[in-house]
Amino acid sequence: MRNRSAVTTFITLGLTNDPQLEILAFSFLLITYMLSVIGNLTIISLILVDSHLKTAMYFSLQNFSFLEISFTIACVPTYLYIISSGNKTITINACFSQIFFIVLFGATEFFLLVVMSYDRYVAICKPLHHVTIMNSRVRRNLIVCCCVSGLLIILPPLGLSLHLEFCDSVIDHFFCDASPILKNSCSDTWFIEQLVILCAVLTFIMTLVCVILPYIHIIRMVLRLPSAQQRKKAFSTCSSHMIVVSMTYGSCIFMYIKPSAKDEVALNKGISLLTTSVAPLLNPFIYTLRNKQVKQSFHDILKRLAFLSKKY
């Protein structure tokens, strides 16, 4: 990094300055972090070992779980280390690395939600062609496109930010975020700030539209079905994905609805806490509790493990 700044490290203020609340935050984050990693790893493992879960929907779900694990690993362990060690400093290089992975995995998730919406559209509106349209080659290409799109979102603003000079070192957050880092710079950051806003808004609006359009066609198709049982079955195949979409986009909407300047930082910290710890924890349960095939696969695996333990 070519940085002539005298500032070489940042200081993260975290969620709170109260030592007792920090202990509570540490316990909460550690528990949710472990459960979210275990839950998402369980989904990945089930889809890997069960031949009944080799469809396009579960392939996307497997990749979504991987992104959830990666996203929470990029955010939470660093803050857990800061609380446990008491060392709140983080190098500029480490901070930019954290931003890179957080935005990469987060943006890729948005694009993957579009792929999952399109898969549900094909499954319900074109069921006879679902296997041929969403074949393995197409699925792999779509995942690669999601990753490339995430890279294209983060690389331009991050590349420009690497050349900034910094006059301040305080980050009022529990992980490295673009806004507080740009505030610490003594360089002109107007163009970078506009580029960050443009990339964020384009990603949000573009993916939201691409998620909504398939569901408009799905709802029209489902409402034409003759029986209530058929309509219920069709909606049930989309319900888990719709809940996750609502949580993901809802949290972003609340984050960018600016209240007073005094409450803005606290609100962003609270919503960031939900997106980095609570959402990755809930998503595995949302998909498993509302999906008979995943639950059946989980029960079958438990039976096999019980049988093997008795045998040996």
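Residues Trp190 and Ile197 fall within the same hydrophobic cluster, defined by Ile, Leu, Val, Met, Phe, Trp and Tyr side chains chained together at heavy-atom separations under 4.5 Å. The hydrophobic cluster containing Val103 also contains Leu162, counting ILVMFWY residues as joined when their side-chain heavy atoms lie under 4.5 angstrom apart, directly or transitively. Transitive grouping of hydrophobic side chains (ILVMFWY, heavy atoms separated by less than 4.5 Å) keeps Ile23 and Leu30 in distinct clusters. Under the 4.5 Å side-chain heavy-atom criterion for ILVMFWY residues, no single connected hydrophobic cluster contains both Phe175 and Leu13. Cluster membership for Leu53 and Leu41, using ILVMFWY side-chain heavy atoms within less than 4.5 angstrom, is shared.
Of all the heavy atoms in Asp18 and Gln20, the pair that sits closest is OD1-N, 2.9 Å. In terms of heavy atoms, Ile181 sits closest to Ile99 at CD1-CD1, 3.1 Å. Listed here is the closest heavy atom pair of Leu112 and Ser60: CD2-O, 3.7 Å. Residues Thr203 and Thr207 come closest through the heavy atom pair O-OG1, 2.5 Å. The minimum heavy-atom distance linking Met247 with Ile286 is given by the pair SD-CD1, 3.5 Å. Contact record, Cys210 with Val114: CB-CG1, 3.6 Å, taken as the closest heavy-atom pair.
Looking at Thr9 and Ile92, their side chains never come closer than 4.5 Å, going by heavy atoms from C-beta outward. Considering only heavy atoms from C-beta on, Ile205 stays 4.5 Å or farther from Leu208 through its side chain. Side chains of Met57 and Arg120 form a contact here, defined as non-hydrogen atoms less than 4.5 Å apart. Residues Asp50 and Leu46 form no side-chain contact, since every pair of their non-hydrogen atoms from C-beta on lies 4.5 Å or further apart. Counting only heavy atoms from C-beta outward, the side chains of Ser70 and Phe101 never approach each other to under 4.5 Å. Using a 4.5 Å cut-off on side-chain heavy atoms (C-beta onward), Ile11 and Ile171 make no contact. Ile192 has its side chain within reach of Leu182: a pair of non-hydrogen atoms, C-beta onward, lies under 4.5 Å apart. For the pair Val244 and Phe64, the minimum side-chain heavy-atom distance is below 4.5 Å.
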Problem set entry | Ile153 vs Phe111, side chain to side chain contact (heavy atoms under 4.5 Å, CB included): CA-CA, chis, key distance, verdict | CA-CA 11 Å; Ile153 292 299; Phe111 290 106; 4.2 Å; yes
For this session: Run the numbers on Ile124 and Val222 for side chain to side chain contact (heavy atoms under 4.5 Å, CB included), then give the verdict.
Result: CA-CA 8 Å; Ile124 293 174; Val222 171; 4.2 Å; yes
Exercise. Leu151 and Val148: side chain to side chain contact (heavy atoms under 4.5 Å, CB included), yes or no, with the steps?
Worked result: CA-CA 5 Å; Leu151 273 174; Val148 171; 5.5 Å; no
Problem set entry | side chain to side chain contact (heavy atoms under 4.5 Å, CB included) evaluation trace for Val115 with Phe59 | CA-CA 11 Å; Val115 173; Phe59 180 77; over 6 Å; no
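Once rounded to the nearest 0.5 Å, the distance linking SG of Cys176 with CD1 of Ile102 reads 7.5 Å. Atom CD1 in Ile69 sits 4.0 Å away from atom CD1 in Ile44 (nearest 0.5 Å). To the nearest 0.5 Å, atoms CG (Asn40) and CZ (Phe71) are separated by 12.5 Å. From Phe26, atom CZ reaches atom CD1 of Ile82 across 12.0 Å, with rounding to the nearest 0.5 Å. Taken to the nearest 0.5 Å, the SG atom of Cys75 stands 10.0 Å off from the CZ atom of Phe105. The structure places CG of Leu35 at 10.5 Å from CG of Leu282, a figure rounded to the nearest 0.5 Å.
Aromatic ring centroids of Phe10 and Phe166 lie under 6.0 Å apart. Between Phe204 and Tyr249, the distance separating the two ring centers is shorter than 6.0 angstrom.
A donor-acceptor pair under 3.5 Å is absent between the side-chain atoms of Ser277 and the main chain of Leu274, judged by distance alone. In terms of modelled atom types and a separation under 3.5 Å, the side chain of Glu68 and the main chain of Ser36 share no donor-acceptor contact. A donor-acceptor distance shorter than 3.5 angstrom exists from the side chain of Ser187 to the backbone of Glu165, with no hydrogens or angles considered.
Atom CZ of Phe28 is surrounded by more than 12 heavy atoms from other residues, nucleotides or ligands within 6.0 Å. With a 6.0 Å radius and a threshold of 12 heavy atoms from other residues, nucleotides or ligands, Met34 has its CE atom at or below the threshold.
Side-chain atoms of Ser179 and Asp177 include no donor-acceptor pair closer than 3.5 Å. For the residue pair Thr12/Tyr79, the side-chain donor-acceptor check at 3.5 Å is not satisfied.
Lys88 pairs by the salt bridge (charged side-chain N to carboxylate O under 4.0 Å, His left out) definition with Glu22, not counting sequence neighbours.
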Donor-acceptor contacts under 3.5 Å from residues 125-137 side chains, at least two apart:
unit_1 : atom_1 : unit_2 : atom_2 : d
His130 : NE2    : Asp119 : OD1    : 2.7
Thr132 : OG1    : His129 : O      : 2.9
Asn135 : OD1    : Arg137 : N      : 3.1
Asn135 : OD1    : Val138 : N      : 3.0
Asn135 : ND2    : Thr132 : O      : 2.8

